[in-house]
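Each remark here refers to the structure printed beneath this line.
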Amino acid sequence: MDENIKEKENAQQPDEQLDLEHAIAAAKEEKAKLIARNMAATSFEDEVIQDSGNQPKVDSALKKATEAVNAVKSDRSEGGMRRTASFPAQRDRDTDMAKRRSASGSGERRTSRSGQSRQGGERRSDSRSRYDDDRRRPQSARRKPARRKKKSKTPLIVCLSILGAIVVGLGIAYIVGIVKYKNVFLDNTFINNIEVSGKTKEEAYNMVKEKSDLKDNIIIQRLDGSEIQLPLKEIGYSDKTQYEIEKFYNSQNHYNWIGAKFSNTQFEVNETFSYDKVMMETLLKKKVTSSASGRPPENASIQKNSDGSGYVIVKERPGDKINTDKIQNLYDYVEQSLDAGRYIIDISGVDCYETAAITSDSLKEQCEKLNKMHSLTITFDFVHSEEVLKGSQIMPWVSFDSKSKDGIVVDMKQVEAYVETLAKKYDTYGIDREFKTTKKGTITIKSADKMANDTGCYGWWIDQQKTMELIRDTIIQGTDAKIRPVYYQNPDSKYTYTCDESVWTKDKDYGNTYVEIDIGTQHLWYYKDGKLMVESDVVTGYAYANDRYTREGVFKVWFKESPSILRGATWNTKVSYWIYFSLYGAGMHDASWQYGVFGGNKYKTSGGGSHGCINMPLDKVKQIYQIIELNTPVFIYNSEKLGGSSANGQ
């Protein structure tokens, strides 16, 4: 029996030894796997950090890990061979141990061996479960519990496999995350409250610029609503936004992309605006003062209303043309706006524009005057009657013109037509007159050309041009007025074509005071208020010389002097009394060279006739000189030329 027991123990001892060595090899293999995983993880991490996007390097790391596992397995195989080579020595030690155990009872040995067999079975079962050893075992009753324990290890293996898969999956996910967030901002990243998660630096810059007030241009809004753009690059602006975003990106730890999912990161770009003022002002001036830039203002004006019954003010229209004298106001306003962070700048309210020269306020007085012209009345005094110019006549003549001195313009053509009607009605200069002579009855003294000064100068003659100007000035003044027409004055002699207004009537312009001279009878009469005051023979101009004969017509006394010197082409004669009545040089005066002989036919001789004057005796001319008044008419005719009851001025 002892021999049988010994044989069984000897047969069992190699199996127990093999199980022990398998357990040791399994522990080493587990440790090798752990080392291999750590090496693989370190290899993967290094490779990802260096270039997470390089797949060949990831494959290299996996290959290294595989080689490490294979090396452990090879080591385990070699260990088994070593254990097999040393097995006889171990068996001898076990045989000695069995002999010692045989000294005890066989029951104890069986019990002990049974316990050892169970323990060995447990170890073998554990070893087979762990390494899946397909070596067959003796089918003894003592190994049945070991088979049950082999089945109980399966959940642990499954759990470990799942855990390993999870770890590998998490590792791969982590690596994928690193690759995903390369060159983009991490999750929950905000710049100026704008989410830029997953955006590249360029995309983030564009998003920030889009939301920013500061674009690529400064916008200048003009008075008319148009816009002028000032490119930032042309005024020396340096954009630091891109630099700031680059700095924000570099500050993020992209290996901590998982942590970024659970917290917000806020960045702020401080848009500090700096520019070159000289460049800005130069560009701004060029833009706003170009020839095609800006509309000039329009002056206020006065226009007739739709029914023509009055006038209304049309307000001025502001322009948007820059006044270069005020451009500094524009510079200051734009610079203040930029300093305040405003980059769309409305300059419609800046005092930098050209303004209207004529405003509606400045036209109120003129407009009131124009509207008062409906009731305006201008009265012309013609001594014996009046002419009234009413507002209804004046209104069509007037209009508003900003270029005129007073803003009111009078249509002088219409005024001229009106004055011409006055002249036709009231001018007496140059008209034919009925005259009752002393000896020849009533005659008609015809007028000649008005511009021939030697055909008479008596009568009222309106100076139409000056009267027109008087009317215009009175209208512009805008107040009712009573005026007299302006009468013509000879520019050389200063002779004024007026008469004695005290005798001017509707029918004639002379009265009962006058001088009458008949060339045919060489006689003179002076009547004052119808009474003959002086009567005398005279000598008139040499009748047969064109430059010496006495002209016929109606004249007036307009100058007298005592004594006086008469000057001519060939003479220089002093007289005691000079009464001037013409414009061609003829007058009444004493003539001592006639030696007291007057009348008769002396005027028909060259030596006896005068140079056109009326030669008189000294005492007679003295009498007239002393009592005659200026503006007294002088009627000269030649009775020898009378045909019937008329006389011709020629």
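What's counted below: heavy atoms across the whole structure, side chains too, no hydrogens, waters or symmetry copies. Sequence positions, counted from 1, serve as the residue numbers for this chain.
- Of the listed residues (Ile322, Thr324, Asn329), just one forms a side chain to side chain contact (heavy atoms under 4.5 Å, CB included) with Lys326, and that residue is Asn329.
- Expressed to the nearest 0.5 Å, how far CZ of Phe581 lies from CD1 of Ile628 amounts to 10.0 Å.
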Query - Derivation of the salt bridge (Lys or Arg N to Asp or Glu O under 4.0 Å) call for Asp381 and Lys482 - result: CA-CA 7 Å; Asp381 181 9; Lys482 185 175 183 178; 5.1 Å; no
Report task. With side chain to side chain donor-acceptor pair (under 3.5 Å) as the test, would you mind laying out the steps for Asp507 and Thr505 before giving the verdict? Result -> CA-CA 5 Å; Asp507 298 322; Thr505 66; 5.1 Å; no
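- No donor-acceptor pair closer than 3.5 Å links the side chain of Glu298 to the backbone N or O of Ala356.
- Under a cut-off of 6.0 angstrom, the local environment of NZ in Lys622 is sparse, with at most 12 non-hydrogen atoms contributed by other residues, nucleotides or ligands.
- Taking CD of Glu387 as the reference point, atom CD1 of Ile378 lies at 13.0 Å (rounded to 0.5 Å).
- Under the side chain to side chain contact (heavy atoms under 4.5 Å, CB included) criterion, Asn512 pairs with no residue at all, not counting sequence neighbours.
- Within the 4.5 Å cutoff, no side-chain heavy atoms of Thr442 are placed close to those of Phe435.
- Distance alone, capped at 3.5 Å, is enough to place a donor-acceptor pair between the Asn638 side chain and the Gly520 backbone.
- Asn217 places no side-chain N or O within 3.5 Å of a backbone atom of Ile219 that could act as its donor or acceptor partner.
- Considering only heavy atoms from C-beta on, Ile344 comes within 4.5 Å of Gln221 through its side chain.
- In this structure, CH2 in Trp461 is found 13.5 Å from OH in Tyr487, a value given to the nearest 0.5 Å.
- Interatomic distance, CD of Gln465 versus CG of Asp463, reported as 7.5 Å (0.5 Å rounding).
- Proximity of a side-chain donor or acceptor of Gln623 to a complementary backbone N or O of Lys620 within less than 3.5 Å is not detected.
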Query - Test side chain to side chain contact (heavy atoms under 4.5 Å, CB included) applied to Thr438 and Leu532, step by step - result: CA-CA 10 Å; Thr438 302; Leu532 181 61; over 6 Å; no
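- With hydrogens and angles ignored, the 3.5 Å screen pairs a side-chain donor or acceptor of Thr513 with a backbone N or O of Asp529.
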Requested in this report: Apply salt bridge (Lys or Arg N to Asp or Glu O under 4.0 Å) to the pair Lys287 and Glu234, showing each step before the final yes or no.
Outcome: CA-CA 12 Å; Lys287 293 276 188 179; Glu234 294 186 26; 5.9 Å; no
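- Minimum interatomic distance between Cys613 and Gly587 (heavy atoms only, all atoms of both residues): CB-O, 3.4 Å.
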Requested in this report: Could you check Glu640 against Ile519 for side chain to side chain contact (heavy atoms under 4.5 Å, CB included), going step by step and ending with a plain yes or no?
Outcome: CA-CA 8 Å; Glu640 290 184 349; Ile519 296 175; over 6 Å; no
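- Atom OH of residue Tyr526 and atom CD1 of residue Ile579 lie 9.0 Å apart, to the nearest 0.5 angstrom.
- Residue Thr467 holds its OG1 atom at 13.0 Å from CZ of Arg484, rounded to the nearest 0.5 Å.
- Looking only at side-chain heavy atoms (C-beta outward), Glu516 and Tyr637 come within less than 4.5 Å of each other.
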Requested in this report: Test Phe555 against Val515 for side chain to side chain contact (heavy atoms under 4.5 Å, CB included), laying out the working first.
Outcome: CA-CA 9 Å; Phe555 303 87; Val515 175; over 6 Å; no
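- Under 3.5 Å, the side chains of Thr359 and Asp361 contain no donor-acceptor pair of N or O atoms.
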Report task. Report the C-alpha distance between Asn615 and Tyr603 in whole Å, list the side-chain angles of each, state the deciding distance to 0.1 Å, and finish with yes or no for side chain to side chain contact (heavy atoms under 4.5 Å, CB included). Result -> CA-CA 10 Å; Asn615 291 173; Tyr603 77 100; over 6 Å; no
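- The closest side-chain donor-acceptor pair between Asp346 and Ser348 falls under 3.5 angstrom.
- Considering Tyr497, Tyr426, Trp504 as possible partners of Trp460, the one that fulfils the ring-ring contact (aromatic ring centres under 6.0 Å, His included) test is Trp504.
- Smallest separation of non-hydrogen atoms from Leu370 and Tyr311: CB-CD1, 3.4 Å.
- Contact check for Thr632 versus Val634: no side-chain heavy atoms found under the 4.5 Å cut-off.
- Geometric assessment of Lys508 against the ring of Tyr510 yields a positive cation-pi assignment under the 6.0 Å and 45° thresholds.
- Taking the centre and axis of the six-membered ring of Tyr495, the NZ or CZ atom of Lys556 falls inside the cone set by 45° and 6.0 Å.
- Under the side chain to side chain donor-acceptor pair (under 3.5 Å) criterion, Gln336 pairs with no residue at all, not counting sequence neighbours.
- Taking every heavy atom of both residues into account, Asp480 and Thr377 meet most closely at OD1-N, 2.9 Å.
- Residues Leu330 and Lys285 form no side-chain contact, since every pair of their non-hydrogen atoms from C-beta on lies 4.5 Å or further apart.
- Side-chain atoms of Glu535 never come within 3.5 Å of backbone atoms of Trp525 as a donor-acceptor pair (strictly under, hydrogens ignored).
- For Ser564 (side chain) and Val575 (main-chain N/O), no donor-acceptor pair under 3.5 Å exists by modelled atom type.
- Ring pair His589/Trp578 is tilted by interplanar angle, where 30° to 60° counts as tilted.
- When ring centroids are compared, Tyr418 and Trp397 come within the 6.0 Å threshold.
- Although no hydrogens or angles enter the test, the distance criterion places a donor-acceptor pair under 3.5 Å between the side chain of Tyr458 and the main chain of Asp509.
- Counting heavy atoms from C-beta on, the side chains of Tyr429 and Val554 never come closer than 4.5 Å.
- In this structure, Ile476 and Arg472 have side chains that are in contact, with non-hydrogen atoms separated by less than 4.5 Å.
- Not counting sequence neighbours, the partners of Tyr544 by the ring pair (Phe, Tyr, Trp, His ring centres under 6.0 Å) test are Tyr542.
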Report task. Show the numbers, then the answer: is there a side chain to side chain donor-acceptor pair (under 3.5 Å) between Gln477 and Asp473? Result -> CA-CA 6 Å; Gln477 188 176 359; Asp473 295 344; over 6 Å; no
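- With hydrogens and angles ignored, the 3.5 Å screen pairs no side-chain donor or acceptor of Lys440 with any backbone N or O of Leu642.
- Shortest non-hydrogen contact noted between Ile394 and Leu376 is CD1-CD2, 3.7 Å.
- Listed here is the closest heavy atom pair of Cys457 and Ser582: SG-CA, 4.3 Å.
- Residues Asp518 and Ser639 bring a donor and an acceptor atom of their side chains to less than 3.5 Å of each other.
- Between Tyr625 and Tyr577, the ring planes lie tilted relative to each other; the angle falls in the 30° to 60° range.
- Between Met279 and Gly236, the shortest heavy-atom contact is CE-N, 3.7 Å.
- The shortest distance between side-chain heavy atoms of Ile462 and Tyr488 does not fall below 4.5 Å.
- The backbone N or O of Val334 sits nowhere less than 3.5 Å from a side-chain atom of Arg342 that would complete a donor-acceptor pair.
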